[in-house]
Amino acid sequence: MTFYQFAINNVKRNTRAYFAYFISSTFSVMTFFIYLMFWFHPDILKSPLGELTKWGMQGAAWLTFIFSFFFIFYSIHAFVRSRLKEFALLLMLGITKRQLQRLILIENMLIGSFATVLGILFGLLFAKLFLLVGSKLMEMDPLPFYLPWKAIGISLGAFLILFLLLGFITVFLIRQKTALALLHGQKEARLEPKSSLFFVGLSVGCLSLAYWQLKQGMTQERMMLILLLNMIGTYYFFRQVSLFFIHILKKRRFYWNGLRLLWVTELAYKLKDNARMFFFITLVSTMACVAAGSIFAVHLKNAKTYNDEAFAFQYHPLDGSNKGEDQTIEQALQKEKIDFQRYDIKVFWVFDFEDFQYITVLPMSEFRRIAQVVPVKLPALKPDEAYYVYAHNIEHPKKSGDQLSLKKHHLSLTVKGTLAKKLISDELLVVHDQTYQLLREKYREIPTKPMLVYHVPDWSNSILPDRSSKEAKISQQLIEQNQLKIRQRDKVGWIYARAYDYLMLKQSTQMMMFIGFFIAAIFSIFTASFIYFRLFTDLQRDQRFFQIISKIGLSLSQVKKISTIQIAALFYFPVLVTMIQTWFALEFVSDYINMNEMLVPSLTVFSIFCLLQTIYFLAIRSRYVRQLHRVMV
């Protein structure tokens, strides 16, 4: 048997341990390759958001590569630690240290090379499907299949170098150890896990302080402090607080009843041994869930923003004259034989109301004209009253009965009524005509601005448009013409089209969701791989434990119950902490970006995450229990 055959046989004999690691590595390579395939696609720049899509795929590819580096490094390090006794025996049988290092390097490159090639092959096999689904989700023209030689070369080179580099790092970590040190490397004393009140208090204090800082608002410095406090608090929560609760549980009558004596005691060791893994899983999963929940919330907000928009188009001249842009809009609508209603408005912004950075003010007579498109019954206003109109994304809208006061002038208005609808701005204050003239006199230095708005009765804002709709096509045509004139320094002003804005943001969020899907899948598979490896690393010790207690009468059903509780704790304990931290983070995101409806995005993300974990839990539990069944007496 040659040295290379010996290395290949070593890999074959450790198939059970290497299985999850190999699958995860293959999926990482495939995902990296898919992102590169989009990045280098020759037709990607033909889309309106082609440049953004290209850079998004590039960032996602390298983010995948970075996380793969840490996952592979952790996995290889753990594999080496689990095989220290095997390496010691090889050294005692006469293998040299250089040969041992060579053996480890060859094994690592065998697995890495096979995973890299297989990942690229799977990427090519499903390339047409990924291109079709990706272009559909991102509302792009269908991307044709092509042979991505550049993507193949970069994927092959990047991951082979990655596996080779991590192989050398692994060799460096063990090259100074003697055979005796390797032999005793895994024989650590199994002392009873204990908690420290100091570190329990540190964990609780850091997490409480992080949450308090979160409620104070966000600055760059505060964000770094919150992240640091949360990382410290979470690490010692798994390392100390969980053991503290186990210690309390052991003092209760609950502990001395039935099988609880066994699984509670063993659970304490599992929590202690896997604290670092829990911390890493929670940190990565929380970031993934917060990002996914935020993107999903923006997607929902985008649809509601369109539903709020009463007017299909707005035109804002820069110098007070139309320069024919109104004719451009009207000619485009007339060409398609679409009826429309045009409203010429003079916009007046007041920057002096308390609780408002600025707000658009309209007289009641002007508002009655444009409010016909809603329609709405307007209350009669007195000179000291106002009507408040606001978009749904306003965080703390005014309510009927609220008082609005000017800072510099003695004028106070009472909110007579409210309307949750976006007309010409996010916040609009409708006042009595007499009050409007008084405000114009008080703020003569603020000029009024002309605005043209167009209502198209046939285009209902309750039905979301797609790229093939007339509103979307006309909107894109007008916006592109307007942007071209602006680039040519023709000061015509700017056109706003609700359908164009909706579709551009929809395409952006769907691109991020497409990217995030694979990244989240990688995180999820990595998480399951970590737990799988930890379980099967401790399998021999667990088999000895259950074999001994089976001799005193423990049945297979009882073994299944104990092992199920322990495996469930490994899977769902970090999931529970992730959910709590994600909920607090999304609550902050909701305040920060003025979105009040985060419940649906949060529950959706949590449900998908729990579903994936449950699938992995059931698969790994089944295989683990079968291994235990083999040693039962």
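What's counted below: heavy atoms across the whole structure, side chains too, no hydrogens, waters or symmetry copies.
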Spatial distance of atom CD1 (I106) from atom CD1 (I111) [nearest 0.5 Å]:
12.5 Å
Just do the side chain to side chain contact (heavy atoms under 4.5 Å, CB included) check on L36 and S155 with the steps written out, would you?
CA-CA 8 Å; L36 292 184; S155 300; 3.5 Å; yes
Count the heavy atoms of every other residue, nucleotide or ligand shown that sit under 6.0 Å from CE of M109, and state whether that count exceeds 12.
yes
Residue set satisfying side-chain hydrogen bond (donor to acceptor under 3.5 Å, both in side chains) with T564, at least two apart, ordered chain then number -> R621
Quick one: are E107 and L103 in side-chain contact, heavy atoms under 4.5 Å?
yes
Using distance only, find each side-chain donor-acceptor pair of residues 610-619 under 3.5 Å and give its atom names and separation, not counting sequence neighbours.
residue	atom	partner	partner atom	Å
T614	OG1	Y572	OH	2.8
T614	OG1	C610	O	2.7
Y616	OH	S524	OG	3.4

Kindly compute the distance separating CD1 (I34) from CZ (F130), expressed to the nearest 0.5 Å.
3.5 Å
Residue pairs involving residues 100-123 (criterion ring-ring contact (aromatic ring centres under 6.0 Å, His included); sequence neighbours excluded)
F22-F114
Where is the tightest heavy-atom contact between S113 and L160, given as atom of each residue plus distance?
OG-CD2, 3.5 Å
Between F279 and F238, does the ring centre distance come in under 6.0 Å?
no
side-chain hydrogen bond (donor to acceptor under 3.5 Å, both in side chains) involving Y624 - partner list, sequence neighbours excluded:
D542
At their closest point, which heavy atom of P574 faces which heavy atom of A569, and how far apart are they?
CD-O, 3.8 Å
Using atom types as modelled and distance alone, determine if a side-chain donor or acceptor of Q240 lies under 3.5 Å from a backbone N or O of S196.
yes
Distance-minimising heavy-atom pair for V625 and S563:
CG2-OG, 3.7 Å
Could you go through the side chain to side chain contact (heavy atoms under 4.5 Å, CB included) check for N230 and L207 one step at a time?
CA-CA 6 Å; N230 183 66; L207 291 174; 3.8 Å; yes
Whether the side chain of T509 engages the backbone of K506 through a donor-acceptor N/O pair (distance < 3.5 Å, no angle test) should be reported.
yes
From F198 CZ over to Y236 OH, what is the distance, rounded to the nearest 0.5 angstrom?
8.0 Å
What orientation do F159 and F32 show, parallel under 30°, tilted 30 to 60°, or perpendicular over 60°?
perpendicular
Starting at CG of L166, measure out to CG of L105 and round the result to the nearest 0.5 Å.
11.0 Å
Exercise: identify the closest heavy-atom pair between S203 and G233:
OG-O, 2.7 Å
side-chain hydrogen bond (donor to acceptor under 3.5 Å, both in side chains) with T286: which residues, sequence neighbours excluded?
none
Please walk me through it: do F163 and S25 pass side chain to side chain contact (heavy atoms under 4.5 Å, CB included)?
CA-CA 10 Å; F163 283 107; S25 299; 4.1 Å; yes
For the residue pair T64 and S28, what are the closest heavy atoms and their distance?
CG2-O, 3.9 Å
Side-chain heavy-atom pair F40, I154 within 4.5 angstrom cut-off:
yes
Set out, in order, the CA-CA distance, both residues' side-chain angles and the distance that settles side chain to side chain contact (heavy atoms under 4.5 Å, CB included) for F33 and I152, then state yes or no.
CA-CA 7 Å; F33 173 75; I152 293 173; 3.5 Å; yes
Between the NE2 atom in H299 and the OG atom in S508, the distance rounded to the nearest 0.5 Å is 11.5 Å
Separation between CE of M30 and OG1 of T26, rounded to the nearest 0.5 Å
9.5 Å
Across all chains, not counting sequence neighbours, the side-chain hydrogen bond (donor to acceptor under 3.5 Å, both in side chains) partners of T234 are Q581
Side-chain touch L570/F278, heavy atoms, less than 4.5 angstrom:
yes
4.5 Å side-chain heavy-atom contact, T282 and F237:
no
What's the shortest heavy-atom distance between R239 and K272, and which atoms?
NH1-O, 3.8 Å
